[in-house]
Amino acid sequence: MIKTHILGFPRIGSNRELKKALESYWKKDIKLKTLEEIGKKIREKNWITQYKAGLSYVSVGDFSFYDHILNMSTMIGLIPKRFKHSKNSMVDITTYFNMARGCTIKGNTISACEMTKFFDTNYHYIVPELEITNKFYLSNNNVFNEVKECQTLGLKPKVVLFGPITFLWLAKSSVNKLNFLPSLINVFSKILKKLEKQNVEWVQIDEPVLVVELPQIWKDSFELAYKKISKTIKKLKLMIATYFGGIGKNIDLVLSLPIKNIHLDLVRAPKEIDFIIKNFPNNKILSIGIINGRNIWKANLKNNLKKLKSINKFLKNRMWISSSCSFIHIPITLSKEKKITKKILNWLSFARQKLDEIVVLSKCINSICETDNNYIKDNTKAIESRKVCHIVNSNFVKDRIKQIKTNYLQRNHSYLIRKQLQHKKLQLPLFPTTTIGSFPQTNIIRLARKNLKIGKLNIEAYEQIMRYQILFITAKQTIYDLDLFVHGEPERNDMVEYFGENLKGFVFTINGWVQSYGSRCVKPPIIYGDIKRKKPITVKWIKYAQNNSLKPVKGMLTGPVTILQWSFERDDQSKETTCKQIALALRDEVKDLEKAGIKAIQIDEPALREGLPLNKKDFKYYLNWAISCFKISSSIVKDETQVHTHMCYSQFNDIIAYISEMDADVITIETARSNMTLLNAFKLFEYPNEIGPGIYDIHTTNIPNIKYMINLIQKAAKSISKDRIWINPDCGLKTRKWEEVDSSLKNMVKAAYKLRNYFNKK
Ligand code: GLN
Ligand code: ZN
């Protein structure tokens, strides 16, 4: 029979056991031994699940207490100096967590390693830090112990290691990263030799960087590295796993590597396979990632089977069947989803269910038995019912998309004309002050939401509490003397879920958690159908805030790209179409806000950048539709209504032209940490509209003082003319405490007074 495996299984536990255990351990409520036992139980459960589902191999080495890239760093002794790890000694879990979360050593605060998003996913990894003196060595035995655990259960492990070249690619370094390769290959080979001694048959080496267009020097390094690696082993067989795209220009390289098994992501790159199988060396195996590890829909098994059979004609059973990538990007199981209607539930497949899909496919390639046949028949029925279902398709929405015209993408007049009207209407001083939207989410707010959920509070009582919060937040802003108010977003649990709940076409899970980083999990909404606004979403709250404020209040919306990006998308229509549907729904909301007398509207797009494709050549296509969607939502307003947008990341250089094309009157961005250096992109490009460079780093408990903030703005004024600068924090204040917000915003406003004074006198 054709062999089966997956690239990795979620490690948070089906009840988020890992999250709970980690947080208890960090609070010192449980001992290390307990944490380790819980980790072991999760691993065992995962293996047994894979085994029972019928996979040929179970994945070992995909477990991690925080992040699998950090696992790799701490396995090869790559510990930044500031963590004071003694040279060449084994790395323990304290150092491991210190790197992930920061710590204090002898009264000094040691900052955590940076964290960033893994390729185009919402998973964050801990960035390895290469320092000139680094010499790698084997610094823990976790993976070998896990192999033993697995073998003790009588199961066959396929070990997963993170590939050396992608590891270096993702690392940061002040010198040429490839200088570190020889030492890395050395320790990597040692690891492989030890696994060989343990009688491991297969090792999967993840090299997702192979889906990126690589500079020649990196390609050469691949060849060199894998030649060396393959020489050090005898019986052990290697698989190189590529995912999140096709291998494109790296095809020749990949096929020439001295590696027995090559894994391809057939979901992301369905076409490349035809060329590859015709040129596939006859001593190699191809692992076909046909079951989507990035989405939650049932696979179309009938189609998949057809495809696999045609591939197998070339490969003659030298083929494995697999997930497109690791399942850490999807929830574990549907079994607890009691709230989703049966109809929709029948269209879904989470990690556990996807194991069955893989196994059925493998069984049916050469012969088909009655039960599998029935399984596939049911699957086909589900797929067909989804295609034609009335809750998925809305002619009204589909027609509306067709009506999008160029005038949907343009404000009436140019920014310079709009600016005069807006500043007059909003009565804005020089250096106007505002915030990004949310104010502290206090226990009262959380309790009210919980009580509403469990039926202890009725909706009227709940809404009354929220109105009270809004009053409180507007009073606070009056005291701070800000220029443009917000309502504070108390009614929003999450900036995407809140909108999803108020739009047709979205469904929510109870337990569909996915690891975001460390112990943090998110529960992305599922977009299943054409999107329509049920009724105005935010208008009553913003209006209430406006009616109770002496200053103008900004309407606050989550942008179409961000809503799409942080949800599970449809697989039956393009991202672009879904995004346009969301954009149209938001356009109606924007119009209603304006009608209700709101003079400024912010549309947040913090996820715009992370939607960027992995290869530069695909940027343009994505950015064109993404920016169009923002404009569909925003450009319906009159000239005198001020459109704001907000983004909280720090790389604008390669997309600044598109940011400018969004034509938001004001953009607020995160700049405090980078000490305004990221404004360079705006200066170089001569960005024409207004900018609010954040001057309060809201990710820390620090209170910025007046001098510090004045300094930052003076720095900013060197890049942007002063009449286009706004004064605001880096991002929303949701996670901060009121004491911190009080002091910081008071300082911020005082800084603005002083700056006005100084510049007006000049
Ligand atoms: N308006 C949102 C808030 O203030 C923006 C959050 C974000 O950028 N991630 O919370
Ligand atoms: Zn932000």
Side-chain angles (χ1 to χ4, degrees), residues 115-117 122 124 433-442 445-446 449 466 469-470 473-474 476-477 482 484-500 516-517 520 522 524 537-538 541-542 545 553-567 586 589-590 593 598 600-611 630 633-634 642-652 659 662 664 666-674 678 691-700 726-738 740-741 744-745 748:
M115 193 168 66
T116 195
K117 293 205 174 191
N122 278 333
H124 302 69
T433 52
T434 191
T435 63
I436 308 304
S438 56
F439 269 86
Q441 290 258 332
T442 55
I445 298 177
R446 275 191 284 266
R449 196 170 297 134
M466 292 304 125
Q469 293 299 322
I470 290 174
I473 291 163
T474 49
K476 282 278 190 185
Q477 294 174 92
L482 290 164
L484 181 56
F485 285 14
V486 294
H487 79 296
E489 305 177 28
E491 80 290 8
R492 302 183 192 176
N493 41 353
D494 171 274
M495 64 187 287
V496 170
E497 195 170 332
Y498 180 74
F499 284 88
S516 168
Y517 64 91
R520 285 287 190 102
V522 292
I537 304 169
T538 63
W541 301 114
I542 312 288
V553 174
K554 251 193 299 192
M556 195 59 62
L557 305 172
T558 303
V561 183
T562 300
I563 293 181
L564 175 75
Q565 204 55 37
W566 290 349
S567 302
L586 291 172
E589 185 73 11
V590 167
L593 281 169
I598 303 305
I601 298 165
Q602 177 170 314
I603 304 175
D604 290 327
E605 282 294 21
L608 187 100
R609 192 175 207 293
E610 69 190 48
F630 179 84
S633 301
S634 60
Q642 191 170 56
V643 171
H644 290 231
T645 189
H646 166 72
M647 292 171 194
C648 37
Y649 40 77
S650 44
Q651 277 172 292
F652 286 97
I659 301 290
M662 288 166 80
V666 184
I667 179 172
T668 53
I669 53 178
E670 183 174 307
T671 39
R673 265 190 204 197
S674 78
L678 76 94
I691 310 177
I695 56 170
Y696 166 21
D697 176 1
I698 56 89
H699 297 294
T700 72
W726 282 68
I727 292 193
N728 46 262
D730 267 350
C731 190
L733 303 165
K734 196 170 167 174
T735 53
R736 298 272 51 89
K737 294 214 167 71
W738 269 113
E740 295 158 12
V741 169
S744 302
L745 293 188
M748 190 181 91

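Positions are given from 1, in the same order as the sequence printed here. Counting starts at 1 for both ligands and their atoms, following the listed order. Keep in mind that this is a model prediction, so the values were computed, not measured.
The structure places CZ of F499 at 4.0 Å from CZ of R492, a figure rounded to the nearest 0.5 Å.
Smallest separation of non-hydrogen atoms from V553 and H487: CG1-N, 4.0 Å. Taking each heavy atom of P693 and T671 in turn, the nearest pair found is C-OG1, 3.0 Å. Nearest approach of N728 to T668, heavy atoms of both residues: OD1-CG2, 3.5 Å. The shortest non-hydrogen separation linking L557 to I601 is CD1-CG2, 4.1 Å. L593 and G555 get closest at one heavy-atom pair: CD1-CA, 4.3 Å.
Counting only protein N, O or S atoms, 3 lie closer than 2.8 Å to the Zn ion (ligand 2).
Taking the six-membered ring where tryptophan is involved, the planes of F439 and W738 are essentially parallel, since the angle between them stays under 30° and well short of 60°.
Side-chain atoms of S567 never come within 3.5 Å of backbone atoms of P524 as a donor-acceptor pair (strictly under, hydrogens ignored). The backbone N or O of V561 sits less than 3.5 Å from a side-chain atom of E605, completing a donor-acceptor pair.
Every protein residue with a heavy atom nearer than 4.0 Å to ligand 1 is included here: I436, G437, S438, E489, M495, M556, D604, P606, H646, C648, C731, G732.
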